[in-house]
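Structure first, commentary second.
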Amino acid sequence: PHAGYAYSGKVAAHGVSLLKGQNVTRVILLGVAHRSGFDGACVSGYMANGTPIGDIPLDRAVIDKLAGHPLFKQDDQTMVMEHSIENQLPLLQYVLGDTGWKAVPILISRLDPMSARRIAAAILPHMDARTVVIASSDLTHHGRAFGYVPFKTDVVQNVRKLDHGFLEHVVSMDLDGMLNYRK
């Protein structure tokens, strides 16, 4: 999850902690674009991502190849305005330390099933035994502030049920089910 640390930091930290002691050289971070809508995916032209802990080098070779793909755009401003990737970075720095790993931050926006498959196919050649993918989401945004109030009673139970329904598609790697999931 990528909400503020007060809301989801414990869960995100637990997930990232599973990488402790692993020989990771590349982390591909997939985050959801919140502040700008576009078709496909976005990468930046930056050399590093800065955090209060220090800079994380970006894997420019991989990012430059992805930027040449028709479903990827390179736009620094779009990347700067997002938090879905940034919240993961200090956690990764803490767990992986200064072991020479590099990041490949990718923002995702509007996708149809074919585009999602093509983006995955573009990323696949950059996967190896020392690469990990972290896909960040905050799932259900319930409440008037988000314009989504499908239930007014048993909210916690119903949101949990809604999220778990989506996660069933994730675990079974059912892309069509994920992209079309609505309850």
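None of the values given here were measured: they were computed from a predicted structure. The analysis underlying the following values was restricted to heavy atoms, covering all of them including side chains, and did not include hydrogens, waters or symmetry mates.
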For the hydrophobic clusters of this structure (ILVMFWY residues joined by side-chain heavy atoms under 4.5 Å, transitively), does one cluster hold both [X] and [Y]?
X      : Y      : result
Val159 : Phe146 : no
Ile56  : Met47  : no
Leu29  : Leu71  : no

Problem - Lys65 atom NZ, over 12 foreign heavy atoms within 6.0 Å - result: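 No, the 6.0 Å shell around NZ holds no more than 12 heavy atoms from other groups.
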Answer yes or no: is there a donor N or O on one side and an acceptor on the other, between the side chain of [X] and the main chain of [Y], under 3.5 Å?
X      : Y      : value
Ser115 : Leu111 : no
Asp75  : Thr78  : yes
Ser136 : Gly31  : no
Tyr94  : Ala13  : no
Arg60  : Ala48  : no
Arg26  : His126 : yes
Thr51  : Gly54  : yes
Ser8   : Tyr5   : no
Asn49  : Leu89  : no

Where do [X] and [Y] come nearest, in terms of heavy atoms and distance?
X      : Y      : answer
Ala12  : Leu91  : CB-CD1, 3.7 Å
Thr153 : Asn158 : O-ND2, 2.9 Å
Pro113 : Leu175 : O-CD2, 3.8 Å
Val27  : Val24  : CG2-CG1, 3.7 Å
Ala122 : Leu66  : O-CD2, 3.5 Å

Find out whether [X] and [Y] are in side-chain contact, i.e. whether some heavy atom of one side chain is under 4.5 Å from a heavy atom of the other.
X      : Y      : value
Leu19  : Leu92  : yes
Ile134 : Leu30  : no
Cys42  : Glu82  : no
Trp101 : Gln93  : yes
Tyr148 : Leu162 : yes
Leu107 : Ile85  : yes
Ile63  : Tyr46  : no
Arg144 : Val149 : yes

Problem - Between Ser44 and Gln74: side-chain donor-acceptor atoms closer than 3.5 Å - result: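 Judged by distance alone, the side chains do not pair up.
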Handout entry: Electrostatic pair Arg117:Asp112 at N-O distance under 4.0 angstrom
Key =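 Result for this pair is no, no salt bridge flagged.
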Handout entry: Residues Arg130, Asp128: salt bridge by 4.0 Å N-O rule
Key =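 No, Arg130 and Asp128 are not salt-bridged.
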Exercise for the section: Could you grab the distance from atom OG of Ser84 to atom CD1 of Ile106, nearest 0.5 Å is fine? Expected result: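 That separation rounds to 11.5 Å.
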Problem - Check against ring-ring contact (aromatic ring centres under 6.0 Å, His included), His69 and Phe72 - result: CA-CA 5 Å; His69 188 279; Phe72 283 79; 5.6 Å; yes
